[in-house]
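Both backbone and side-chain heavy atoms feed into the values below; hydrogens, waters and symmetry mates do not. We're numbering straight along the sequence, starting at 1. From a predicted model like this one, the values you see are computed outputs, not experimental measurements.
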Amino acid sequence: MEDNWQAALSYQPVIALSARWQTYPKRFQWIRENGFALEYGPNPDALTQVARHIDRFLKEGIPVRYHGFFPDYEIGHIDDSVSERAVQLHKSALQAIHGLGQPVITVHIGLNPDDEIDAEKAVDNLGYLVDYASSLGITLCLENLRRGPTSHPETVTTWAEKSGTMITFDVGHAVSSQRVVDGELTVIDFLRMVAPRLVEAHVYERELDRHYPPTDMAVLGPVIDFLLETGCRWWTLELDNYSEALDTRDLLVDYLKKRNTLVPGEST
């Protein structure tokens, strides 16, 4: 996919910070003031808020993408009434973001571990949403989760290929997934499998009771090295704590400078 937004990100990574609708306006202001791009999680029950929440970012030329974190709306649910309601909500979200910021949104299968997932329905509904998103010029990405069907790289890759989605690679989910913890595969093994469809990365070190930042580049270094070999140049720090976000960005920027990846004077 050689869209204009990808061409613009060919070399320098964009480092974004995640922010859900509940944190408006304080976290949004902090993100702007501290030079991050924004990965915005809209309110599924108030999608009309999208334009107002990101207005300052767009006016100031700060890149914005979207995180469709809708745990109560499972498009792969075995119950047809539940999955259809979820599909309609995702369509409404696509309509709400149309024409605002960069046309990329990350979606999920299996956010609620209590939901029973129908794999065939999940792929069919993803494919339907991909077609609808494409009609609006929007790229739909499937994210790997820590648990459930999308904690397996084979499943993420197969579902993405069958449905036409691209992929968002969540580093912390992969590091903390059972198969990686058990040593059956490595994070790089996981990343290698999803790399052909990779559009975005969520960057932090691990997920336990919350998302934890790196203290060094022992875990993230090889991941960053691999990402730099791909076209994936949008990296979202999914860290709620401001100090942890700043420290993680400093680690990444220092690492990139040592690899001579950043052009002197250019900002992330």
Side-chain angles (χ1 to χ4, degrees), residues 18-24 38-54 64-152 155-170 173 177 194 197 199-200 202 207 211 236 238:
S18 58
R20 295 182 191 168
W21 61 273
Q22 303 99 317
T23 64
Y24 180 85
L38 171 67
E39 177 130 339
Y40 172 59
N43 182 353
D45 300 317
L47 291 168
T48 55
Q49 295 176 342
V50 171
R52 179 169 65 91
H53 284 180
I54 67 170
V64 178
R65 286 189 182 182
Y66 299 92
H67 192 191
F69 181 79
F70 308 138
D72 295 328
Y73 297 87
E74 176 54 67
I75 67 172
H77 201 287
I78 194 168
D79 185 320
D80 288 343
S81 64
V82 174
S83 60
E84 179 57 27
R85 173 174 173 264
V87 168
Q88 294 306 314
L89 182 279
H90 281 76
K91 283 184 65 177
S92 296
L94 291 168
Q95 294 164 5
I97 70 172
H98 179 221
L100 300 173
Q102 292 192 4
V104 183
I105 185 169
T106 296
V107 299
H108 315 79
I109 301 289
L111 277 173
N112 186 339
D114 294 328
D115 287 340
E116 187 173 354
I117 304 300
D118 181 317
E120 184 175 355
K121 184 188 294 185
V123 171
D124 288 346
N125 285 342
L126 280 172
Y128 174 81
L129 289 172
V130 166
D131 290 342
Y132 187 75
S134 295
S135 74
L136 300 175
I138 298 171
T139 297
L140 197 77
C141 301
L142 178 64
E143 178 182 340
N144 62 294
L145 298 179
R146 177 185 171 192
R147 299 186 181 92
T150 57
S151 67
H152 303 283
T155 301
V156 175
T157 302
T158 299
W159 287 6
E161 290 173 348
K162 288 183 176 179
S163 66
T165 68
M166 302 305 282
I167 291 174
T168 293
F169 179 68
D170 188 297
H173 286 166
S177 64
V194 303
R197 305 188 74 84
V199 165
E200 183 171 318
H202 290 170
E207 179 184 79
H211 290 184
T236 299
E238 285 197 318

D79 side, atom CG; D118 side, atom CG - distance, nearest 0.5 Å: 11.0 Å
Shortest non-hydrogen separation from S151 to S177 and the atoms involved: O-CB, 4.2 Å
Within-4.5 Å side-chain heavy-atom neighbours: Q49 and Y24: no
Sub-4.5 Å side-chain heavy-atom contact between H77 and N112: no
Shortest non-hydrogen contact between G137 and P103, atoms and distance: O-CB, 3.2 Å
Spacing of NE2 belonging to H108 relative to CG belonging to N144, to within rounding of 0.5 Å: 9.0 Å
Check: R197 side chain, T157 main-chain N or O, donor-acceptor pair, under 3.5 Å: no
Test log, rule side-chain contact (heavy atoms from CB on, under 4.5 Å), inputs T150 and W159: CA-CA 9 Å; T150 57; W159 287 6; 4.0 Å; yes
Sub-4.5 Å side-chain heavy-atom contact between D80 and E84: no
H202-H211 aromatic ring centre distance below 6.0 Å: no
Spatial distance of atom CG (L129) from atom CD (Q88) [nearest 0.5 Å]: 9.0 Å
Ring centre gap for H90 and F70 strictly below 6.0 Å: yes
Note, V104 side chain near C141 side chain (heavy atom, < 4.5 Å): yes
Sidechain-backbone polar pair: H67 side chain, E39 backbone, donor-acceptor under 3.5 Å: no
Residues that E200 engages under salt bridge (Lys or Arg N to Asp or Glu O under 4.0 Å), provided they are two or more places apart: R65
Distance in Å, L140 CG paired with L94 CG, rounded so as to fall on 0.5 Å steps: 6.5 Å
Side-chain touch V156/F169, heavy atoms, less than 4.5 angstrom: no
P149 to I117 - nearest heavy-atom pair and separation: CG-CG1, 4.5 Å
Single hit among L38, T106, V50, I138 for side chain to side chain contact (heavy atoms under 4.5 Å, CB included) with Y66: V50
K91 side chain near Y128 side chain, heavy-atom distance below 4.5 Å: yes
Short side-chain to backbone donor-acceptor contact, N125 and I75, under 3.5 Å: yes
Side-chain donor or acceptor of T158 paired with backbone N/O of T155 under 3.5 Å: no
Neighbour count >12 (heavy atoms, 6.0 Å) for atom CD, Q95: yes
Side chain proximity check, E74 to I109, heavy atoms < 4.5 angstrom: yes
E207 side chain near D170 side chain, heavy-atom distance below 4.5 Å: no
Heavy-atom neighbours of E120 CD exceed 12 at 6.0 Å: no
Nearest non-hydrogen partners of L145 and H173, listed with the distance: CA-ND1, 3.5 Å
Smallest separation among heavy atoms of S18 and E238, with atom names: OG-CA, 3.5 Å
Shortest non-hydrogen contact between P42 and L47, atoms and distance: CB-CD2, 4.1 Å
Derivation and outcome, side-chain contact (heavy atoms from CB on, under 4.5 Å), residues V107 and L126: CA-CA 9 Å; V107 299; L126 280 172; 4.1 Å; yes
